[in-house]
Protein chains: 2
Amino acid sequence: MGKRKRIPEEARREQILGAAFDVACRAGIGRLTVRAVAAEAGVSHALVLFHFGRKERLVHDLLDWVLDITSVLHISEDVARFPRARDRFHALLEQEVTRQSHQPEHTRLFLEYWALGTQHEEIRTRIAAELERYREAFRGIMADLIGEDPLLFPGATADGLSAVAVSWIQGCAVQALVAPDRFDTDTYLAALRGMMGRPGGEAGHHVETS
Amino acid sequence: MGKRKRIPEEARREQILGAAFDVACRAGIGRLTVRAVAAEAGVSHALVLFHFGRKERLVHDLLDWVLDITSVLHISEDVARFPRARDRFHALLEQEVTRQSHQPEHTRLFLEYWALGTQHEEIRTRIAAELERYREAFRGIMADLIGEDPLLFPGATADGLSAVAVSWIQGCAVQALVAPDRFDTDTYLAALRGMMGRPGGEAGHHVETS
DNA sequence: GTGGCTATTGACCAAACGGTCAATTTAAGA
DNA sequence: TCTTAAATTGACCGTTTGGTCAATAGCCAC
């Protein structure tokens, strides 16, 4: 056991945060302890506190780390290339629903952070900022959508529609997490398409993805 | 401090569960301790364990208790009296969105229970059952809705639509909890109405509530 | 009253927690 | 090589946790 401090500060933080992520996914943030993280990283628990000061900061930095690596709501080329806003929206929605269904662990983590946010100011503002970023990405597409066909959603604003879009994804994530066997992603997406798919005068179109 | 066991078993459980609810709302389930509950109820912490055995069972029974007193998704007379399924759906949706916005504490609690459900089998099945009950209530209205106008949501099933409806409410609850100042219930409901409000041939109708 | 049953309590316990600290090891600079 | 600053550790501490248990206080039948 002669190996020690080779690792240059930044990499150590990364290593510990990765271990913290594993522990949080396995046991939840509620049961995340400094000692468990240290054991997962293969270091002493004093070292974790040396690099992060308090446990509270470790948890907070873990939130930042997860949000960074998750690269939430990145509008890919596949989405942006659609000329019509409706198709872009469908593609983005399908992308996000599919992505979250492939990362169920993240949903659990975010659930706990959302709950924590009601008490810790720092966490709440961080989450609120991310939520705002998330909604903002939809807002542009929604504004285009209303612009293309003002009669499509009478009385609805881009703000309202983007909030609804976020609800779709959040609600899908939660239901898939709580009762995976009772929740079918395809059926869900089909319902969303049917709900959005009233063309202003055209018919028989559909979004191609893959 | 001479007062003791007057309370007849059932009432004691109720009293303790009420105290547990207050503690859970104030500090979260993560920080709920047997001693904190006992202090809130004004009894010794040994008595709490005498009535509930383990802390785990206290937390589980609290979930049942909360779900009972919340009377989730009760289809009121005001909703049922609408002859058209579309109006019933709008009314029910508005009722649920409004109700949850008046009980933000419950949302936080359920968030934590959802996260806990990923690890505790008992909690997960209990939540899944409640979610199923919730979706079931929407499914009937959704089936009627499709029956009234099969072309309204092409390709969508009652199952898919009810899942979407649940998403609306869950997503609304989460967003209102995470960033209350950035979330406007009226704008959200207006967007939902605009999204659902494509009459098959009629126009200018709206749902009256209150 | 009085005896017995049970709800209730305070004291106690082992474990785990977050956090501190002096002591050691390591890498790098002189 | 010697020095120096930083990284790392094991030992330790005070607190809190869930849980147990013998003792006790209240209530009912008699």
Side-chain angles (χ1 to χ4, degrees), chain A residues 1-24 26-63 112-113 116 119-120 122-123, chain B residues 1-24 26-63 112-113 115-116 119-123:
Chain A
M1 307 171 183
K3 294 188 178 179
R4 273 209 188 184
K5 90 160 173 192
R6 279 177 163 174
I7 304 188
E9 164 85 35
E10 193 71 14
R12 256 280 130 87
R13 279 183 58 95
E14 194 77 11
Q15 173 196 7
I16 294 176
L17 284 172
F21 177 72
D22 291 339
V23 171
R26 188 190 326 131
I29 302 179
R31 300 189 180 184
L32 181 144
T33 67
V34 178
R35 283 175 159 86
V37 172
E40 181 77 24
V43 298
S44 69
H45 86 281
L47 186 64
V48 176
L49 289 167
F50 173 80
H51 282 284
F52 291 89
R54 295 168 296 174
K55 175 194 176 182
E56 189 182 355
R57 187 153 306 176
L58 170 65
V59 173
H60 181 264
D61 289 1
L62 176 61
L63 174 59
E112 291 197 74
Y113 272 115
L116 279 176
Q119 289 171 328
H120 293 66
E122 287 188 71
I123 293 179
Chain B
M1 313 179 178
K3 293 187 179 180
R4 275 209 187 183
K5 90 161 170 186
R6 281 180 163 172
I7 304 188
E9 165 85 35
E10 192 69 14
R12 256 280 134 87
R13 277 182 60 95
E14 194 76 10
Q15 173 197 5
I16 294 176
L17 283 172
F21 177 72
D22 291 340
V23 171
R26 188 190 326 131
I29 301 179
R31 300 191 180 185
L32 181 143
T33 67
V34 178
R35 284 175 158 85
V37 172
E40 181 77 23
V43 298
S44 69
H45 87 279
L47 185 64
V48 176
L49 288 168
F50 173 79
H51 281 284
F52 290 88
R54 293 168 297 172
K55 175 193 177 185
E56 190 181 353
R57 188 152 306 177
L58 170 65
V59 173
H60 181 265
D61 289 1
L62 175 61
L63 173 60
E112 291 198 75
Y113 272 115
L116 279 176
Q119 291 171 329
H120 294 65
E121 184 70 26
E122 288 188 70
I123 293 180

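These numbers come from a predicted model, not from an experiment. Only heavy atoms go into these numbers, but all of them, side chains included; no hydrogens, no water, no symmetry mates. Chain letters run A, B, ... following the sequence lines, proteins first and then strands; every chain starts at 1.
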| query | Through what angle, rounded to 10 degrees, does the axis of the helix from C:dG1-D:dC30 to C:dA30-D:dT1 turn between its ends, using five pairs per end? | reply | 0°

Can you give me the N/O atom pairs linking the protein to nucleotides 11-16 of chain D at distances under 3.5 Å, or say none if there are none?
none

What is the distance from [atom1] of [X] to [atom2] of [N], rounded to the nearest Å?
X	N	atom1	atom2	result
A:His51	D:dT8	NE2	C1'	8 Å
A:Glu56	C:dC17	CD	C1'	16 Å
A:Phe50	D:dA6	CZ	C1'	7 Å
A:Leu47	C:dT24	CG	P	18 Å
A:Arg54	C:dG19	CZ	P	8 Å
B:Phe52	D:dT20	CZ	P	16 Å
B:Arg13	C:dA7	CZ	C1'	15 Å
A:Arg31	C:dA15	CZ	P	19 Å

| Considering all heavy atoms of both residues, which atom of A:Ala38 and which atom of A:Val48 are nearest to each other, and what is their separation? |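 Smallest interatomic distance, heavy atoms only, reads CB-CG2, 3.7 Å.
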
| query | Of all heavy-atom pairs between A:Ile123 and A:Tyr113, which one has the smallest distance, and what is that distance? | reply | CG2-O, 3.8 Å

Return a table of donor-acceptor pairs under 3.5 angstrom between the side chains of residues 53-60 of chain A and protein atoms on other chains or two or more places apart.
residue	atom	partner	partner atom	Å
A:Lys55	NZ	A:Leu32	O	3.0

| remark: By side chain to side chain contact (heavy atoms under 4.5 Å, CB included), B:Glu10 pairs with (sequence neighbours left out) none

| request: Please name all residues satisfying side chain to side chain contact (heavy atoms under 4.5 Å, CB included) with B:Leu47, sequence neighbours left out, ordered by chain then number. | output: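 With neighbours one apart ignored, the set is B:Arg12, B:Val43, B:Ser44, B:Phe50, B:His51.
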
| request: Using the salt bridge (charged side-chain N to carboxylate O under 4.0 Å, His left out) rule, collect all pairs that involve residues 30-41 of chain A, keeping only residues at least two apart or in two chains. | output: A:Arg26-A:Glu40

| About how many Å separate CZ of B:Phe21 and CG of B:Leu63, when rounded to the nearest 0.5 Å? | 12.0 Å

| Can you check side chain to side chain contact (heavy atoms under 4.5 Å, CB included) on A:Arg13 and A:Asp61, steps first, answer last? | CA-CA 10 Å; A:Arg13 279 183 58 95; A:Asp61 289 1; 3.0 Å; yes

| query | Among C:dT9, C:dA7, D:dG19, which nucleotide sits nearest the side chain of B:Leu49? | reply |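 Among C:dT9, C:dA7, D:dG19, the one nearest the side chain of B:Leu49 is D:dG19.
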
| said: Need to verify one output field. Residue with the more 5' nearest nucleotide on DNA chain D, B:Lys55 or A:Val43? | reply: A:Val43

| query | side chain to side chain donor-acceptor pair (under 3.5 Å) with A:Glu14: which residues, sequence neighbours excluded? | reply |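 Partners of A:Glu14 by the side chain to side chain donor-acceptor pair (under 3.5 Å) criterion, ordered by chain and then number, come out as A:Trp65.
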
